[in-house]
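Reminder, nothing fancy here: chain letters follow the sequence lines and each chain counts from 1.
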There are 2 protein chains.
Amino acid sequence: MGRPRTPLLDRRRIGAAALRLADEKGALSIPALAKALGVAPSALYHHVAGRDDIISLMREELALVTGDDQDWSQPWEQSLEGWARSYLAAFAAHPGAVPLLATAPLAEPFMHAMYEKVAVLLLDAGFATKEVMPLITALESFVLGSALDLVAPPVMVSDVARDTTPHLSAVLDQTPADRSRATLAFDLGLRALLTGFRDLLRP
Amino acid sequence: MGRPRTPLLDRRRIGAAALRLADEKGALSIPALAKALGVAPSALYHHVAGRDDIISLMREELALVTGDDQDWSQPWEQSLEGWARSYLAAFAAHPGAVPLLATAPLAEPFMHAMYEKVAVLLLDAGFATKEVMPLITALESFVLGSALDLVAPPVMVSDVARDTTPHLSAVLDQTPADRSRATLAFDLGLRALLTGFRDLLRP
(Lines give C-alpha, C1' and ligand atoms only; values in the text may rest on other atoms or scores of the structure.)
Protein backbone atom coordinates (compact mmCIF):
# COMPACT_ATOMS: atom_id res chain seq x y z
CA MET A 1 0.00 0.00 0.00
CA GLY A 2 2.80 2.42 0.88
CA ARG A 3 2.28 5.58 2.89
CA PRO A 4 -0.18 8.17 1.56
CA ARG A 5 1.47 11.17 -0.13
CA THR A 6 -0.45 13.65 2.03
CA PRO A 7 -0.54 13.09 5.77
CA LEU A 8 -3.88 11.82 7.10
CA LEU A 9 -3.88 14.61 9.65
CA ASP A 10 -2.57 18.12 9.58
CA ARG A 11 -3.34 21.12 11.73
CA ARG A 12 -5.42 22.84 9.06
CA ARG A 13 -7.62 19.77 8.65
CA ILE A 14 -8.00 19.44 12.42
CA GLY A 15 -9.11 23.09 12.70
CA ALA A 16 -11.67 22.72 9.91
CA ALA A 17 -13.09 19.51 11.40
CA ALA A 18 -13.29 21.06 14.89
CA LEU A 19 -15.15 24.07 13.48
CA ARG A 20 -17.63 21.77 11.71
CA LEU A 21 -18.10 19.65 14.84
CA ALA A 22 -18.64 22.63 17.16
CA ASP A 23 -21.01 24.13 14.63
CA GLU A 24 -23.10 20.93 14.44
CA LYS A 25 -22.99 19.81 18.06
CA GLY A 26 -22.60 23.14 19.87
CA ALA A 27 -19.69 21.63 21.76
CA LEU A 28 -16.20 20.25 21.24
CA SER A 29 -14.61 17.19 22.82
CA ILE A 30 -11.33 15.49 21.91
CA PRO A 31 -12.91 11.99 21.59
CA ALA A 32 -15.68 13.32 19.31
CA LEU A 33 -13.15 15.23 17.19
CA ALA A 34 -10.91 12.15 16.88
CA LYS A 35 -13.95 10.09 15.84
CA ALA A 36 -14.97 12.70 13.24
CA LEU A 37 -11.44 12.56 11.80
CA GLY A 38 -11.38 8.75 11.91
CA VAL A 39 -8.32 8.53 14.14
CA ALA A 40 -7.55 7.59 17.73
CA PRO A 41 -7.41 10.46 20.25
CA SER A 42 -3.72 9.69 20.77
CA ALA A 43 -3.08 10.42 17.06
CA LEU A 44 -4.62 13.87 17.52
CA TYR A 45 -2.13 14.66 20.27
CA HIS A 46 0.73 14.24 17.82
CA HIS A 47 -0.52 17.43 16.13
CA VAL A 48 -2.15 19.55 18.85
CA ALA A 49 -1.20 20.41 22.40
CA GLY A 50 -4.77 20.22 23.69
CA ARG A 51 -8.17 21.86 23.69
CA ASP A 52 -6.91 25.48 23.67
CA ASP A 53 -4.67 24.68 20.72
CA ILE A 54 -7.63 23.26 18.79
CA ILE A 55 -9.66 26.42 19.48
CA SER A 56 -6.74 28.43 18.05
CA LEU A 57 -6.86 26.28 14.91
CA MET A 58 -10.59 26.96 14.63
CA ARG A 59 -9.92 30.71 14.84
CA GLU A 60 -7.20 30.40 12.18
CA GLU A 61 -9.65 28.57 9.94
CA LEU A 62 -12.25 31.35 10.45
CA ALA A 63 -9.65 34.00 9.60
CA LEU A 64 -8.84 32.09 6.39
CA VAL A 65 -12.52 32.26 5.49
CA THR A 66 -12.86 35.98 6.08
CA GLY A 67 -9.53 36.76 4.47
CA ASP A 68 -7.28 39.55 5.62
CA ASP A 69 -8.52 42.00 2.99
CA GLN A 70 -9.80 44.67 5.38
CA ASP A 71 -8.81 48.23 4.35
CA TRP A 72 -7.82 50.00 7.60
CA SER A 73 -6.93 53.29 5.89
CA GLN A 74 -10.55 54.48 5.51
CA PRO A 75 -12.23 56.81 8.03
CA TRP A 76 -12.79 54.94 11.32
CA GLU A 77 -16.53 54.42 10.82
CA GLN A 78 -16.09 52.75 7.43
CA SER A 79 -13.17 50.63 8.65
CA LEU A 80 -15.10 49.52 11.72
CA GLU A 81 -18.16 48.76 9.60
CA GLY A 82 -16.09 46.66 7.18
CA TRP A 83 -14.57 44.75 10.08
CA ALA A 84 -18.01 44.10 11.61
CA ARG A 85 -19.38 42.84 8.29
CA SER A 86 -16.52 40.40 7.61
CA TYR A 87 -16.78 39.19 11.23
CA LEU A 88 -20.52 38.62 10.75
CA ALA A 89 -19.98 36.62 7.57
CA ALA A 90 -17.42 34.36 9.26
CA PHE A 91 -19.56 33.58 12.31
CA ALA A 92 -22.84 33.26 10.41
CA ALA A 93 -21.18 30.37 8.55
CA HIS A 94 -20.58 28.57 11.88
CA PRO A 95 -23.31 29.70 14.30
CA GLY A 96 -23.10 26.63 16.53
CA ALA A 97 -19.47 27.46 17.29
CA VAL A 98 -20.32 30.98 18.47
CA PRO A 99 -20.67 30.22 22.24
CA LEU A 100 -17.42 28.24 22.29
CA LEU A 101 -15.36 30.82 20.37
CA ALA A 102 -16.94 33.77 22.22
CA THR A 103 -15.92 32.42 25.60
CA ALA A 104 -12.43 30.98 25.00
CA PRO A 105 -9.51 33.30 25.92
CA LEU A 106 -7.79 34.97 22.97
CA ALA A 107 -4.11 34.17 23.30
CA GLU A 108 -3.28 33.86 19.59
CA PRO A 109 -0.72 36.36 18.20
CA PHE A 110 -2.66 36.61 14.89
CA MET A 111 -5.77 37.64 16.85
CA HIS A 112 -3.70 40.16 18.80
CA ALA A 113 -2.40 41.60 15.50
CA MET A 114 -6.01 42.14 14.38
CA TYR A 115 -6.98 43.81 17.67
CA GLU A 116 -3.86 46.01 17.43
CA LYS A 117 -5.20 47.40 14.14
CA VAL A 118 -8.63 48.09 15.64
CA ALA A 119 -7.01 49.70 18.71
CA VAL A 120 -4.88 52.01 16.52
CA LEU A 121 -7.98 52.90 14.48
CA LEU A 122 -10.04 53.87 17.53
CA LEU A 123 -7.21 55.69 19.34
CA ASP A 124 -6.46 57.69 16.18
CA ALA A 125 -10.19 58.51 15.93
CA GLY A 126 -9.93 60.16 19.34
CA PHE A 127 -11.50 57.60 21.68
CA ALA A 128 -10.12 57.43 25.21
CA THR A 129 -7.76 54.51 25.88
CA LYS A 130 -10.10 53.06 28.50
CA GLU A 131 -13.04 53.18 26.07
CA VAL A 132 -11.36 51.15 23.32
CA MET A 133 -11.84 47.60 24.67
CA PRO A 134 -15.47 48.21 25.77
CA LEU A 135 -16.19 49.59 22.27
CA ILE A 136 -14.62 46.56 20.57
CA THR A 137 -16.43 44.15 22.91
CA ALA A 138 -19.82 45.83 22.44
CA LEU A 139 -19.42 45.67 18.66
CA GLU A 140 -18.38 42.00 18.82
CA SER A 141 -21.35 41.13 21.05
CA PHE A 142 -23.70 42.73 18.55
CA VAL A 143 -22.04 40.88 15.66
CA LEU A 144 -22.15 37.48 17.41
CA GLY A 145 -25.83 37.87 18.32
CA SER A 146 -26.59 39.00 14.76
CA ALA A 147 -24.79 35.94 13.35
CA LEU A 148 -27.25 33.74 15.27
CA ASP A 149 -30.18 35.79 14.00
CA LEU A 150 -28.93 35.47 10.43
CA VAL A 151 -29.33 31.69 10.61
CA ALA A 152 -32.70 31.90 12.39
CA PRO A 153 -35.86 31.31 10.34
CA PRO A 154 -36.91 34.17 8.00
CA VAL A 155 -40.15 34.45 10.00
CA MET A 156 -39.07 34.40 13.65
CA VAL A 157 -42.29 35.62 15.30
CA SER A 158 -45.07 33.39 14.00
CA ASP A 159 -48.77 32.54 14.57
CA VAL A 160 -49.55 35.96 16.02
CA ALA A 161 -53.20 36.61 16.98
CA ARG A 162 -54.32 39.97 15.57
CA ASP A 163 -57.05 40.53 18.17
CA THR A 164 -54.89 40.12 21.28
CA THR A 165 -51.62 41.62 19.89
CA PRO A 166 -52.72 44.19 17.28
CA HIS A 167 -49.62 46.41 17.40
CA LEU A 168 -47.25 43.47 17.04
CA SER A 169 -49.37 42.30 14.09
CA ALA A 170 -49.14 45.70 12.43
CA VAL A 171 -45.38 45.74 12.95
CA LEU A 172 -44.98 42.23 11.50
CA ASP A 173 -47.06 43.22 8.46
CA GLN A 174 -44.20 45.60 7.63
CA THR A 175 -41.39 43.19 8.48
CA PRO A 176 -39.84 41.19 5.60
CA ALA A 177 -40.52 37.44 5.68
CA ASP A 178 -37.23 36.47 4.08
CA ARG A 179 -33.53 36.67 4.83
CA SER A 180 -33.64 40.48 4.53
CA ARG A 181 -35.42 40.50 7.93
CA ALA A 182 -32.09 39.74 9.61
CA THR A 183 -29.89 41.90 7.36
CA LEU A 184 -32.19 44.92 7.86
CA ALA A 185 -31.91 44.50 11.64
CA PHE A 186 -28.12 44.17 11.41
CA ASP A 187 -27.80 47.24 9.19
CA LEU A 188 -30.01 49.35 11.45
CA GLY A 189 -28.27 48.15 14.63
CA LEU A 190 -24.79 48.70 13.20
CA ARG A 191 -25.71 52.22 12.10
CA ALA A 192 -27.17 52.94 15.56
CA LEU A 193 -24.06 51.63 17.32
CA LEU A 194 -21.73 53.71 15.13
CA THR A 195 -23.90 56.80 15.73
CA GLY A 196 -23.70 56.14 19.46
CA PHE A 197 -19.93 55.63 19.29
CA ARG A 198 -19.50 58.89 17.37
CA ASP A 199 -21.50 60.65 20.07
CA LEU A 200 -18.81 59.65 22.60
CA LEU A 201 -16.28 61.77 20.68
CA ARG A 202 -18.24 64.99 21.18
CA PRO A 203 -16.56 67.41 23.58
CA MET B 1 -45.21 1.54 47.60
CA GLY B 2 -48.26 3.42 46.23
CA ARG B 3 -48.03 6.19 43.68
CA PRO B 4 -45.93 9.25 44.51
CA ARG B 5 -47.93 12.28 45.67
CA THR B 6 -46.30 14.56 43.11
CA PRO B 7 -46.06 13.35 39.53
CA LEU B 8 -42.58 12.29 38.46
CA LEU B 9 -42.87 14.54 35.44
CA ASP B 10 -44.62 17.82 34.89
CA ARG B 11 -44.20 20.43 32.19
CA ARG B 12 -42.40 22.87 34.50
CA ARG B 13 -39.83 20.21 35.45
CA ILE B 14 -39.35 19.26 31.79
CA GLY B 15 -38.70 22.91 30.83
CA ALA B 16 -36.16 23.38 33.61
CA ALA B 17 -34.33 20.14 32.73
CA ALA B 18 -34.28 21.05 29.01
CA LEU B 19 -32.82 24.47 29.82
CA ARG B 20 -30.10 22.86 31.96
CA LEU B 21 -29.33 20.28 29.27
CA ALA B 22 -29.15 22.83 26.43
CA ASP B 23 -27.00 25.06 28.64
CA GLU B 24 -24.53 22.23 29.39
CA LYS B 25 -24.45 20.46 26.03
CA GLY B 26 -25.24 23.32 23.66
CA ALA B 27 -27.93 21.14 22.12
CA LEU B 28 -31.21 19.43 22.92
CA SER B 29 -32.38 15.96 21.93
CA ILE B 30 -35.42 14.06 23.18
CA PRO B 31 -33.43 10.91 24.12
CA ALA B 32 -30.88 12.97 26.09
CA LEU B 33 -33.64 14.92 27.86
CA ALA B 34 -35.49 11.70 28.75
CA LYS B 35 -32.24 10.27 30.12
CA ALA B 36 -31.58 13.42 32.19
CA LEU B 37 -35.08 13.10 33.66
CA GLY B 38 -34.67 9.37 34.26
CA VAL B 39 -37.63 8.35 32.12
CA ALA B 40 -38.24 6.67 28.78
CA PRO B 41 -38.70 8.99 25.76
CA SER B 42 -42.29 7.67 25.45
CA ALA B 43 -43.06 8.99 28.96
CA LEU B 44 -41.93 12.47 27.85
CA TYR B 45 -44.47 12.42 25.02
CA HIS B 46 -47.29 12.11 27.55
CA HIS B 47 -46.49 15.68 28.60
CA VAL B 48 -45.09 17.43 25.54
CA ALA B 49 -46.09 17.50 21.89
CA GLY B 50 -42.52 17.53 20.60
CA ARG B 51 -39.35 19.53 20.29
CA ASP B 52 -41.04 22.90 19.64
CA ASP B 53 -43.22 22.41 22.71
CA ILE B 54 -40.12 21.74 24.84
CA ILE B 55 -38.49 24.93 23.56
CA SER B 56 -41.65 26.81 24.60
CA LEU B 57 -41.32 25.32 28.09
CA MET B 58 -37.69 26.51 28.21
CA ARG B 59 -38.82 30.03 27.31
CA GLU B 60 -41.53 29.89 30.01
CA GLU B 61 -38.89 28.82 32.52
CA LEU B 62 -36.64 31.75 31.48
CA ALA B 63 -39.56 34.18 31.85
CA LEU B 64 -40.17 32.81 35.36
CA VAL B 65 -36.54 33.58 36.16
CA THR B 66 -36.66 37.16 34.93
CA GLY B 67 -40.11 37.80 36.34
CA ASP B 68 -42.66 40.01 34.71
CA ASP B 69 -41.80 43.05 36.81
CA GLN B 70 -40.86 45.37 33.96
CA ASP B 71 -42.31 48.90 34.31
CA TRP B 72 -43.46 49.89 30.80
CA SER B 73 -44.80 53.31 31.87
CA GLN B 74 -41.37 54.99 31.99
CA PRO B 75 -39.96 57.00 29.05
CA TRP B 76 -39.12 54.64 26.18
CA GLU B 77 -35.36 54.73 26.72
CA GLN B 78 -35.62 53.67 30.38
CA SER B 79 -38.24 51.00 29.60
CA LEU B 80 -36.12 49.59 26.77
CA GLU B 81 -33.02 49.64 28.97
CA GLY B 82 -34.85 47.79 31.76
CA TRP B 83 -36.07 45.18 29.29
CA ALA B 84 -32.55 44.71 27.87
CA ARG B 85 -31.08 44.27 31.35
CA SER B 86 -33.60 41.65 32.50
CA TYR B 87 -33.15 39.84 29.18
CA LEU B 88 -29.36 39.85 29.70
CA ALA B 89 -29.69 38.42 33.22
CA ALA B 90 -31.92 35.57 32.01
CA PHE B 91 -29.64 34.53 29.15
CA ALA B 92 -26.39 34.99 31.04
CA ALA B 93 -27.70 32.30 33.42
CA HIS B 94 -28.01 29.83 30.50
CA PRO B 95 -25.42 30.84 27.87
CA GLY B 96 -25.22 27.39 26.27
CA ALA B 97 -28.91 27.61 25.40
CA VAL B 98 -28.49 30.93 23.56
CA PRO B 99 -28.01 29.53 20.00
CA LEU B 100 -30.99 27.17 20.36
CA LEU B 101 -33.36 29.78 21.79
CA ALA B 102 -32.16 32.51 19.42
CA THR B 103 -32.94 30.42 16.34
CA ALA B 104 -36.24 28.69 17.24
CA PRO B 105 -39.42 30.42 15.94
CA LEU B 106 -41.37 32.37 18.55
CA ALA B 107 -44.94 31.06 18.41
CA GLU B 108 -45.77 31.35 22.13
CA PRO B 109 -48.66 33.71 23.05
CA PHE B 110 -46.80 34.82 26.22
CA MET B 111 -43.82 35.86 24.08
CA HIS B 112 -46.17 37.69 21.69
CA ALA B 113 -47.69 39.53 24.69
CA MET B 114 -44.20 40.73 25.65
CA TYR B 115 -43.38 41.88 22.09
CA GLU B 116 -46.77 43.64 21.95
CA LYS B 117 -45.65 45.78 24.92
CA VAL B 118 -42.34 46.63 23.26
CA ALA B 119 -44.12 47.39 19.97
CA VAL B 120 -46.54 49.79 21.71
CA LEU B 121 -43.62 51.43 23.51
CA LEU B 122 -41.65 52.07 20.31
CA LEU B 123 -44.65 53.14 18.22
CA ASP B 124 -45.70 55.60 20.97
CA ALA B 125 -42.12 56.92 21.02
CA GLY B 126 -42.53 57.83 17.36
CA PHE B 127 -40.61 55.13 15.51
CA ALA B 128 -41.91 54.09 12.09
CA THR B 129 -43.86 50.83 12.02
CA LYS B 130 -41.33 49.23 9.69
CA GLU B 131 -38.45 50.18 12.03
CA VAL B 132 -39.90 48.49 15.13
CA MET B 133 -38.95 44.85 14.45
CA PRO B 134 -35.42 45.70 13.22
CA LEU B 135 -34.93 47.80 16.38
CA ILE B 136 -36.10 44.96 18.64
CA THR B 137 -33.98 42.41 16.77
CA ALA B 138 -30.84 44.57 16.88
CA LEU B 139 -31.25 45.08 20.64
CA GLU B 140 -31.82 41.35 21.17
CA SER B 141 -28.74 40.46 19.11
CA PHE B 142 -26.64 42.80 21.24
CA VAL B 143 -28.10 41.31 24.46
CA LEU B 144 -27.52 37.69 23.36
CA GLY B 145 -23.91 38.39 22.37
CA SER B 146 -23.35 40.24 25.63
CA ALA B 147 -24.75 37.30 27.62
CA LEU B 148 -22.01 35.12 26.11
CA ASP B 149 -19.38 37.74 26.93
CA LEU B 150 -20.63 37.93 30.53
CA VAL B 151 -19.75 34.26 31.04
CA ALA B 152 -16.41 34.57 29.21
CA PRO B 153 -13.22 34.78 31.30
CA PRO B 154 -12.57 38.13 33.06
CA VAL B 155 -9.37 38.44 30.99
CA MET B 156 -10.38 37.58 27.42
CA VAL B 157 -7.34 38.86 25.53
CA SER B 158 -4.31 37.29 27.18
CA ASP B 159 -0.55 36.85 26.75
CA VAL B 160 -0.18 39.99 24.66
CA ALA B 161 3.37 40.91 23.55
CA ARG B 162 4.02 44.59 24.31
CA ASP B 163 6.70 45.00 21.62
CA THR B 164 4.64 43.73 18.65
CA THR B 165 1.19 45.03 19.77
CA PRO B 166 1.93 48.16 21.84
CA HIS B 167 -1.44 49.92 21.34
CA LEU B 168 -3.42 46.83 22.29
CA SER B 169 -1.20 46.51 25.37
CA ALA B 170 -1.88 50.12 26.38
CA VAL B 171 -5.62 49.57 25.90
CA LEU B 172 -5.57 46.38 27.99
CA ASP B 173 -3.66 48.18 30.76
CA GLN B 174 -6.81 50.28 31.19
CA THR B 175 -9.29 47.42 30.83
CA PRO B 176 -10.60 45.81 34.06
CA ALA B 177 -9.42 42.23 34.69
CA ASP B 178 -12.59 41.17 36.48
CA ARG B 179 -16.29 40.75 35.74
CA SER B 180 -16.67 44.51 35.31
CA ARG B 181 -14.86 44.15 31.95
CA ALA B 182 -18.05 42.67 30.48
CA THR B 183 -20.54 44.91 32.31
CA LEU B 184 -18.63 48.05 31.22
CA ALA B 185 -18.81 46.90 27.60
CA PHE B 186 -22.53 46.11 27.92
CA ASP B 187 -23.28 49.49 29.54
CA LEU B 188 -21.33 51.40 26.89
CA GLY B 189 -22.86 49.42 24.02
CA LEU B 190 -26.40 49.75 25.35
CA ARG B 191 -25.96 53.51 25.76
CA ALA B 192 -24.56 53.77 22.22
CA LEU B 193 -27.45 51.74 20.76
CA LEU B 194 -30.05 53.88 22.55
CA THR B 195 -28.30 57.05 21.36
CA GLY B 196 -28.37 55.71 17.81
CA PHE B 197 -32.04 54.73 18.12
CA ARG B 198 -32.92 58.23 19.41
CA ASP B 199 -31.13 59.68 16.40
CA LEU B 200 -33.63 57.89 14.12
CA LEU B 201 -36.44 59.97 15.65
CA ARG B 202 -34.89 63.26 14.52
CA PRO B 203 -36.85 64.97 11.77
Side-chain angles (χ1 to χ4, degrees), chain A residues 25-27 95-96 98-99 102-103 105-107 109 112-113 115-116 119-120 123 129-135 137-138 140-146 148-149 151-153 155-161 165 167-168 170-172 174-175 182 184-186 188-189 191-197 199, chain B residues 25-27 95-96 98-99 102-103 105-107 109 112-113 115-116 119-120 123 129-135 137-138 140-146 148-149 151-153 155-161 165 167-168 170-172 174-175 182 184-186 188-189 191-197 199:
Chain A
K25 305 285 178 192
V98 164
T103 55
L106 293 143
H112 296 168
Y115 284 118
E116 173 76 4
V120 168
L123 291 169
T129 307
K130 67 173 184 186
E131 284 175 335
V132 170
M133 216 57 214
L135 284 166
T137 305
E140 288 182 325
S141 293
F142 173 67
V143 167
L144 293 178
S146 299
L148 293 177
D149 186 48
V151 298
V155 176
M156 251 317 260
V157 183
S158 66
D159 305 307
V160 171
T165 51
H167 298 87
L168 177 60
V171 159
L172 291 172
Q174 294 199 31
T175 303
L184 269 177
F186 178 74
L188 185 143
R191 185 152 46 101
L193 263 184
L194 293 174
T195 300
F197 287 179
D199 198 65
Chain B
K25 305 284 179 195
V98 163
T103 55
L106 292 144
H112 296 167
Y115 284 119
E116 174 75 4
V120 169
L123 291 169
T129 307
K130 67 172 183 185
E131 284 175 335
V132 170
M133 215 58 212
L135 284 166
T137 305
E140 288 182 327
S141 292
F142 173 65
V143 167
L144 293 177
S146 298
L148 294 177
D149 186 48
V151 299
V155 176
M156 253 315 263
V157 184
S158 66
D159 305 307
V160 172
T165 51
H167 298 87
L168 177 61
V171 159
L172 290 172
Q174 293 198 32
T175 302
L184 269 176
F186 177 74
L188 185 143
R191 185 152 45 101
L193 263 185
L194 293 174
T195 299
F197 287 0
D199 199 65

Chemist: Which atom names give the shortest non-hydrogen contact between Ala27(B) and Lys25(A), and what distance separates them?
Modeler: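 Shortest heavy-atom contact: CB-O, 3.8 Å.
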Chemist: Give, for atom OG1 of Thr129(B) and atom CD of Gln174(A), the distance between the pair rounded to the nearest 0.5 Å.
Modeler: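 Separation between the atoms: 5.0 Å.
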Chemist: If I compare all heavy atoms of Gly189(A) with all of Ala138(B), which pair ends up nearest, and what's the gap?
Modeler: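 So the two residues come closest at CA-CB, 3.6 Å.
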Chemist: Taking every non-hydrogen pair under 4.5 Å, which of Val160(B), Thr195(B), Leu168(B), Asp149(B) racks up the most with chain A?
Modeler: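 Most heavy-atom pairs under 4.5 Å with chain A: Leu168(B).
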Chemist: Look at Ala152(B), Gly145(B), Ser141(B), Ala192(B) and state which one has the largest set of heavy-atom pairs under 4.5 Å with chain A.
Modeler: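 Among the listed options, the one with the most contacts to chain A is Ser141(B).
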Chemist: State the CD-CG distance between Glu140(B) and Leu148(A), to the nearest 0.5 angstrom.
Modeler: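 Atom-to-atom, Glu140(B):CD and Leu148(A):CG are 12.0 Å apart.
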Chemist: Got Pro99(A) and Pro99(B) here, is their nearest side-chain heavy-atom distance under 4.5 Å?
Modeler: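 A side-chain contact exists here, since the closest heavy-atom pair is under 4.5 Å.
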Chemist: Can you tell me which of Ala182(A), Pro109(A), Ala170(A), Ala107(A) forms the most heavy-atom pairs within a distance under 4.5 Å of chain B?
Modeler: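 Option with the top pair count is Ala107(A).
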Chemist: Could you tell me the separation between the CG atom of Leu193(B) and the CZ atom of Phe197(A), rounded to the nearest 0.5 Å?
Modeler: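 If we round to the nearest 0.5 Å, Leu193(B):CG and Phe197(A):CZ are 8.0 Å apart.
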Chemist: Identify which part of Ser146(B) has an atom lying under 4.5 Å from any heavy atom of chain A, answering side chain, backbone, both or neither.
Modeler: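 Contact with chain A: backbone and side chain both.
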Chemist: Return the set of residues passing side chain to side chain donor-acceptor pair (under 3.5 Å) with His167(A) (not counting sequence neighbours), or none when no residue passes.
Modeler: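 Only Glu116(B) meet the side chain to side chain donor-acceptor pair (under 3.5 Å) criterion with His167(A).
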Chemist: For Ala113(B), is it the side chain, the backbone, both or neither that has a heavy atom under 4.5 Å from a heavy atom of chain A?
Modeler: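 Backbone only.
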Chemist: Nearest heavy-atom pair of Ser158(A) and Pro105(B): which atoms, and what distance?
Modeler: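 For Ser158(A) versus Pro105(B), the nearest heavy atoms are OG-CB, 4.4 Å.
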Chemist: If you count heavy-atom pairs within less than 4.5 Å of chain A, which of Asp159(B), Leu144(B), Leu172(B) leads?
Modeler: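 Option with the greatest count: Asp159(B).
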Chemist: Starting at CG of Leu135(A), measure out to CG of Leu188(B) and round the result to the nearest 0.5 Å.
Modeler: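 So the CG of Leu135(A) and the CG of Leu188(B) are separated by 5.0 Å.
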Chemist: Got a sec, which residues hit side-chain contact (heavy atoms from CB on, under 4.5 Å) with Ala161(A), two or more places apart in sequence or on another chain?
Modeler: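 Asp163(A), Thr164(A).
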Chemist: Identify which of Leu184(B), Leu194(B), Val157(B) forms the greatest number of heavy-atom pairs closer than 4.5 Å to chain A.
Modeler: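 Top option by heavy-atom pairs under 4.5 Å: Val157(B).
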Chemist: Looking only at heavy atoms and a cut-off of under 4.5 Å, which of Thr137(A), Val132(A), Val171(A) has the most pairs with chain B?
Modeler: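 Highest number of pairs under 4.5 Å: Val171(A).
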Chemist: Measuring heavy-atom distances to chain B, does Leu123(A) have an atom under 4.5 Å in its side chain, in its backbone, in both, or in neither?
Modeler: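 For Leu123(A), the contact with chain B is made by the side chain alone.
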